[in-house]
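This report concerns only the one structure given below.
Ligands are counted one by one from 1 in listed order, and the atoms in each one are counted from 1 as well.
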Amino acid sequence: MFNKILIANRGEIACRIIQTAHRLGIKCVAVYSEADRNARHVALADEAFLIGPAPSRESYLRVEKIIEVAKQSGAEAVHPGYGFLSENAAFAEALAANGITFIGPPVGAIEAMGSKSAAKQIMEKAGVPLVPGYHGDDQRVDLIKREAERCGYPVLLKAVAGGGGKGMRVVWKAEEFEAAFDAARREGESSFGNGDLLVEKYLTKPRHVELQVFADQHGNAVYLGDRDCSVQRRHQKVIEEAPAPNIPAEVRRAMGEAAVNAARAINYEGAGTVEFLYDEDGSFYFMEMNTRLQVEHPVTELVTGQDLVEWQLLVAAGGTLPLTQEQIRLDGHSLEVRVYAEDPDADFMPATGRLDYLRTPTESHHVRVDTGVVEGDVVSHYYDPMIAKLIVWDENREQALRRLSQALADYRICGVKTNLGFLAQLAASPAFRSFSVDTGFIDKHNSELFRADEIDEQRYIALAATYLTLARKQQALNPDDPSSPFNRLNDWRLNANYARTLELIHADKHHPVTVLEDDRHYLIHVDNTEYRVNATLDGDKLDATLNGHRFSLAIHQQEQQLTLFHDGTVFECARHQPQWDDGEGQHEGSLAAPMTGTVVAVLCEAGAQVKAGDGLIVIEAMKMEQTISAPFDGTVTEVFFVPGDLVDGGAELIALERMEAKA
Ligand code: ADP
C-alpha cells in the first residue's frame, strides 16, 4: 500500500478521499488554488501546496504543476477524484511517465470511453445492448439525418465528446433536424473542442440506471449493485438511490453482467460506472461508461458496507478485489441528494455567496454528510456549486425516505440560496415516494415541486418576535458583557403590562407586533391576532409553546435579518429599523422614553381612547424625532409630560390602560 498520496481535487471529494486514506495510515498531500487557501480539504491534509489562481485552468487543471508537486512531496500516487483531471488520459499518461501511480483505470480504458461514439463501437462488439442509433465517423449532415429517420423521431443528438448534459439536443421532427444539428455541433465545438455528433433514438420515459463496477489488475471484475439517478434537472442528477427500485431480479443481474462485460472489454481497472437507459418494458441500453469514482458512490457504499475509495487504493497498489461477486451483499436502501448553491425558482441557476450560517444534520449510521465546506466559507463562481451530499440509509426505501426528510429539515443554511427546500419537496412528493419516476420527473411534477407552501405568516412573525424578545433579554442579563447596550434593560419585568412594539417585514409586508409580558408568558399581537407564547432560547434553538402547541425551531439572526427553520419550512423576515434607532433599538415604541430628549408634541390627552399604532407623544433627541405609539387598544389614563419637557431615557411618558375584549 502507498505511504503518501496526492489528491488532485478540492471540495467534498478531496475531503472524502483524505478520510479513507488517513484511516489506512496513508499521508495526504492536498493542492489548492488561491481561492481555496482556507478550504477544508487543505486543513485536513497532512501538507498542501498552492498551485495557482482561482480559475481551474490555472490551478486544478495544471497537469505539469500537479506532477511537480507530487514529485516534490514524495507522493507515490495521485487520486484525481471526479471532474477536473479524473478522465484525462494525458494526465494519467504523464503521471506514468514520471513513475507516479494514477489511482484510476489504465490510459487505454480512459481513451476508449472518452468518446461516446468510440465507446459504443466497443460495447457493440462486446455484446452490450445499445440504444438504436448511429455513432460512425462519417459526419455528413444528410447521412446523420437519414440515420435519424431510420431510428424514428424523436431522436437525440449528442456531442461525442460531451459530458455534464452539454452538447445534447432532442429533435422531435424532421423539420427541426438541421437547426438542432448545428446547435449541438457548435456546443460540442465550444465546450469540448470536438463537434462530432452521434444520434440515437430518444426514449421518452427512460430511467437512468447505472452499475458500479470494479476490476483489479489480476483479471477479477465485479459489480456492486445498481443505482437509480433518474431525477435530473438539465440532464444532471439531483437525487440518487441504491438499489434502483422496481427492477426484476433477472434484469438486474443481466445489467450487472453486461456492465462487467463492458469493463472487461476495455481491460478495465479500478472503479467505474456503466450507465444504462432503462425503458419501461424492462429493456436497457448502454449509454456511457464513466472511468472514475462517481459523485453518487456513497449510496453504493451504504448498501454494500464497502469503502470504495479503499477499494480504489487497494487496486491501484496492485492488490486483488476484496470480495468476489458471490460475496457482495446488498443490505437496505440508500438515498443521496446533492445540496447545491442554486436557485430552483430561477431554473436552478447557480448561486454564490458566503455560508453565514451552516448547520448539518447529526451524522449516524443512518445519516452521512460528505462536504468540503464549513460555516463562513464562500461558494464562488469558480467551481461547482455543490455544498454537500446528504446520504441516508435505512432498512427499506420508505424508511430511508423518512430519514431523508428529517435530515433535510435539520440542514440549515443562510447566506446563499440553496435547493434544500426543493429537495425537501421532492423527498416528500407522493410521486417520488411511490417511485413513479423517469428522467422527465421534475418537469412533469413541476407544480407540485415548486408549490409555495401555504405558511401561517403571522405565526412565524410571533415566533420571530419571541426570539427577539428572549435574545435581547439574554444579552441584557449577560454579566460577561457589561458594555452591552442591552444592560440598560434590567427593568424589563418592572410592570406586568410592560409592552414593546416592533415591526417585522415578511415578503415586503409590514407587520406591527406588540409583546406584552407577565410572569408566565408573552402575549403577542401580530396584526390583529393574539398568540400566547411560552418559550426558552438556548443558542439558536427556540423551544416554544404557542397557543398550547409545543415545538422547537432554530433561528439565525444576521443583523436585522431573521431566518426561522421549522420542520423543513424556512421563514425569513426582517426587523424594520426605525429611523431614530441608533442601533440599540431597545425601547422602540414602548411607553417609556427611548432615550433622553425633549418632548416636542403630545398627541393625546387623558381619557382618550386610542388604537394600537396611534401616535401618542413625540420626543426629539440627537436631532431625530421619535413618535411613541400605542402598543395596544386602550384608554390613556395619564400623560406625564408637556411639550418642552426634558425626559430621561426610560422615564414613563404615558399611562395606558388596556382595553379588555368585551364578552
Ligand atoms: P452526459 O455525458 O452529458 O452526462 P449522457 O449520455 O450520460 O450525457 O446522458 C445524460 C442524460 O441524458 C441521461 O441520464 C438521460 O437522462 C438523458 N439521455 C441520454 N440519452 C438519452 C436517450 N437516448 N433517450 C432519452 N434520454 C437520454
Lys/Arg N to Asp/Glu carboxylate O, Glu296 vs Arg338, below 4.0 Å: yes

If you measure from the Lys or Arg side-chain nitrogens to the Asp or Glu carboxylate oxygens, is any gap between Arg368 and Glu336 under 4.0 Å? no

Distance to 0.1 Å, residue and atom name: give those for the protein heavy atom nearest to atom 16 (O) of ligand 1. Gln232 OE1, 2.8 Å

For His235, counting its heavy atoms only, list the atoms of ligand 1 lying under 4.0 Å from any of them. 11 (C), 12 (O), 17 (C)

With Val303, the side chain to side chain contact (heavy atoms under 4.5 Å, CB included) member among Asp226, Leu224, Leu330, Asp331: Leu330

Between ligand 1 and Lys116, can you find any atom pair, the residue atom being a heavy atom, that is separated by under 4.0 Å? yes

Among all the protein's non-hydrogen atoms, which is closest to atom 9 (O) of ligand 1, and how far away is it? Met287 SD, 3.8 Å

Below 4.0 Å, non-hydrogen atoms only: which portion of Gln236 touches ligand 1? Side chain, backbone, both or neither. neither

Do NZ/NE/NH1/NH2 and the carboxylate oxygens of Arg16 and Glu301 come within less than 4.0 Å? yes

Find all atoms of ligand 1 within a distance of less than 4.0 Å from any non-hydrogen atom belonging to Thr439, and give their numbers and elements. 16 (O)

List ligand 1 atoms under 4.0 Å from His208, heavy atoms only on the residue side. 13 (C), 14 (O)

Ion pair present between Arg233 and Glu342, side-chain N to carboxylate O less than 4.0 angstrom? yes

Measure the distance from atom 3 (O) of ligand 1 to every protein heavy atom, then report the residue, atom name and distance (to 0.1 Å) of the closest one. Gly165 N, 2.6 Å

Report yes or no: is the cationic atom of Arg264 (NZ for Lys, CZ for Arg) under 6.0 Å from the centre of the six-membered ring of Tyr223, at an angle within 45° of the ring normal? no

Could you tell me, atom by atom, which parts of ligand 1 come under 4.0 Å of a heavy atom of Lys158? 6 (O), 19 (C), 20 (N)

For Glu200, the ligand 1 atoms whose distance to one of its heavy atoms is below 4.0 Å: 20 (N), 21 (C), 22 (C), 23 (N)

Contact between Met168 and ligand 1, counting heavy atoms under 4.0 Å? yes

How does Leu277 reach ligand 1, by side chain, by backbone, by both or by neither, if only non-hydrogen atoms under 4.0 Å count? side chain

Qualifying residue, where the test is side chain to side chain contact (heavy atoms under 4.5 Å, CB included) with Phe286 and the options are Val131, Leu277, Val128, Ile122: Val128

Check ion pair Arg140-Asp138 (N to O, under 4.0 angstrom): yes

For Glu288, counting its heavy atoms only, list the atoms of ligand 1 lying under 4.0 Å from any of them. 1 (P), 2 (O), 4 (O), 5 (P), 7 (O)

Are Arg207 and Phe435 in a cation-pi contact, defined as NZ or CZ under 6.0 Å from the six-membered ring centre and within 45° of the axis? no

Using ring centroids (six-membered ring only for Trp), state whether Phe348 and Phe422 fall under 6.0 Å. yes

So, are Arg253 and Glu250 salt-bridged, with charged N and O less than 4.0 Å apart? no

Counting from 1, what ligand 1 atoms have a heavy atom of Glu275 closer than 4.0 Å? 7 (O)

among protein heavy atoms, the one nearest atom 27 (C) of ligand 1 is Leu156 CD2, 3.7 Å

With only distance considered, is Leu203 within less than 3.5 Å of ligand 1 through an N or O on each side? yes

Quick one: which ligand 1 atoms are inside 4.0 Å of a heavy atom on Gly163? 1 (P), 2 (O), 3 (O)

Going by distance only, is there an N or O of Tyr202 that falls short of 3.5 Å from an N or O of ligand 1? no

